[in-house]
Amino acid sequence: MHSEHEDVSRILFSEQQIAQRVKEMGAQIASDHPDQSMLVISVLRGAAIFMADLVRAIDLPVEMDYMAVSSYGSGTKTSGVVQILKDTTASVEGRHVLIAEDILDSGLTLQYLISSLQARNPASIEVAALLVKHAKRQADIDCNYIGFACPDEFIVGYGLDYAERYRNLPYIGVLRPEIYA
Ligand code: PRP
């Protein structure tokens, strides 16, 4: 049986490094919001794994919610026009919202989400991104909590996919170019 681990050329962030960093992020978020409850929203599907670990590291009353989005038109993420396929179940009004994202790349997804959520009058909106890439940034996003700066490589694992695979790898690694060439 082919193992998906064989398709990874090197590990960028190990399972232990991720666990440690996510715990630190959660502790920081909790200490920055004493006596608050938070509505943590993640964007399906990649961020679900990060969010599941992050909320367990935040020692505050936390509500979890999910959105699903897709880019309009050609399907390229660079259009910046995003369609909401699934909206939050909870009302955002008056809530302290934390968006949990697995990766911030061009920033266009988050730019759209923040403006969409802002229009619903939350008490506050903050962003926690596990990975931040800078190479292709098109939108200026103020990230409150960052896990790791990420090199501009084709990465998979810990929620990140290629053709819907590799999300369940416990680490974040670089995909061998022959897999997607
Ligand atoms: C990824 C990631 C972010 C977005 C970031 O999602 O989860 O939502 O891309 O890219 P951007 O900063 O260039 O907008 P993707 O569209 O791959 O969907 P997925 O979560 O289902 O993998």
Side-chain angles (χ1 to χ4, degrees), residues 4 7-8 12-13 15 18 21-22 25-26 29 38-55 57 64-90 92 97-120 122 125-177 179-181:
E4 296 202 321
D7 298 343
V8 172
L12 266 185
F13 303 108
E15 190 173 359
I18 296 168
R21 190 71 193 108
V22 172
M25 293 174 80
I29 291 164
M38 306 194 83
L39 174 61
V40 184
I41 299 174
S42 85
V43 187
L44 300 171
R45 287 170 268 183
I49 288 178
F50 170 53
M51 169 153 161
D53 286 341
L54 183 67
V55 293
M64 297 162 71
D65 213 328
Y66 302 90
M67 293 178 76
V69 300
S70 94
S71 292
Y72 269 122
S74 66
T76 63
K77 282 192 274 184
T78 47
S79 72
V81 185
V82 175
Q83 180 184 17
I84 295 179
L85 301 176
K86 183 219 168 294
D87 211 331
T88 58
T89 305
V92 164
V97 172
L98 179 71
I99 302 175
E101 260 292 25
D102 50 349
I103 185 162
L104 169 57
D105 192 357
S106 72
L108 294 172
T109 304
L110 264 175
Q111 184 179 51
Y112 176 83
L113 276 176
I114 290 167
S115 72
S116 166
L117 292 170
Q118 198 77 61
R120 307 174 196 188
I125 297 186
E126 293 185 321
V127 175
L130 180 65
L131 301 169
V132 173
K133 275 188 179 178
H134 292 284
K136 302 193 188 93
R137 184 63 49 79
Q138 294 182 51
D140 187 21
I141 302 291
D142 186 18
C143 238
N144 306 80
Y145 304 96
I146 294 173
F148 303 103
C150 185
D152 192 26
E153 305 215 53
F154 202 131
I155 54 171
V156 293
Y158 197 72
L160 298 159
D161 73 310
Y162 168 62
E164 295 304 328
R165 286 173 51 194
Y166 307 102
R167 292 193 199 271
N168 57 327
L169 294 178
Y171 50 79
I172 294 165
V174 178
L175 193 63
R176 291 187 186 283
I179 305 295
Y180 55 86

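Numbers for residues simply follow the sequence, beginning at 1. Because the structure is a prediction, the values reported are computed rather than measured. Only this structure's heavy atoms are used, side chains among them; waters, hydrogens and symmetry mates stay out. Read the numbers this way: they start at 1 and go in the same order the structure lists the ligands and their atoms.
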What I want to know is whether [X] and ligand 1 share at least one N or O pair that is separated by under 3.5 angstrom.
X	value
Gly107	yes
Glu164	no
Val43	no

Determine the minimum heavy-atom distance between [X] and [Y], stating which atoms define it.
X	Y	result
Ala100	Ala47	O-CB, 3.3 Å
Leu12	Val174	CG-CG2, 3.9 Å
Phe154	Asp161	CE2-O, 4.3 Å
Glu15	Tyr171	N-CB, 3.9 Å

Between Ile103 and ligand 1, which residue portion shows a heavy-atom distance shorter than 4.0 Å: side chain, backbone, both, or neither? both
Working to the nearest 0.5 angstrom, can you tell me the gap between Arg167 CZ and Arg45 CZ? 5.5 Å
So CG of Leu130 and CD of Glu101: to nearest 0.5 Å the spacing works out to 10.5 Å
Ligand 1 atoms in contact with [X] (distance to a heavy atom under 4.0 Å):
X	result
Ser106	11 (P), 12 (O), 13 (O), 14 (O)
Gly46	19 (P), 20 (O), 21 (O)
Asp161	22 (O)
Leu44	20 (O), 21 (O)

Closest to atom 8 (O) of ligand 1 by heavy-atom distance, out of Gln111, Arg167, Glu101, is Glu101
Decide whether the shortest distance between a heavy atom of Gln138 and an atom of ligand 1 is less than 4.0 Å. no
Would Leu160 count as a contact of ligand 1 if the rule is a heavy atom under 4.0 Å away? no
Look at the rings of Phe148 and Phe13 and say which category their plane angle falls in: under 30° parallel, 30 to 60° tilted, over 60° perpendicular. parallel
With Leu131, the side chain to side chain contact (heavy atoms under 4.5 Å, CB included) member among Ile172, Asp102, Leu104: Ile172
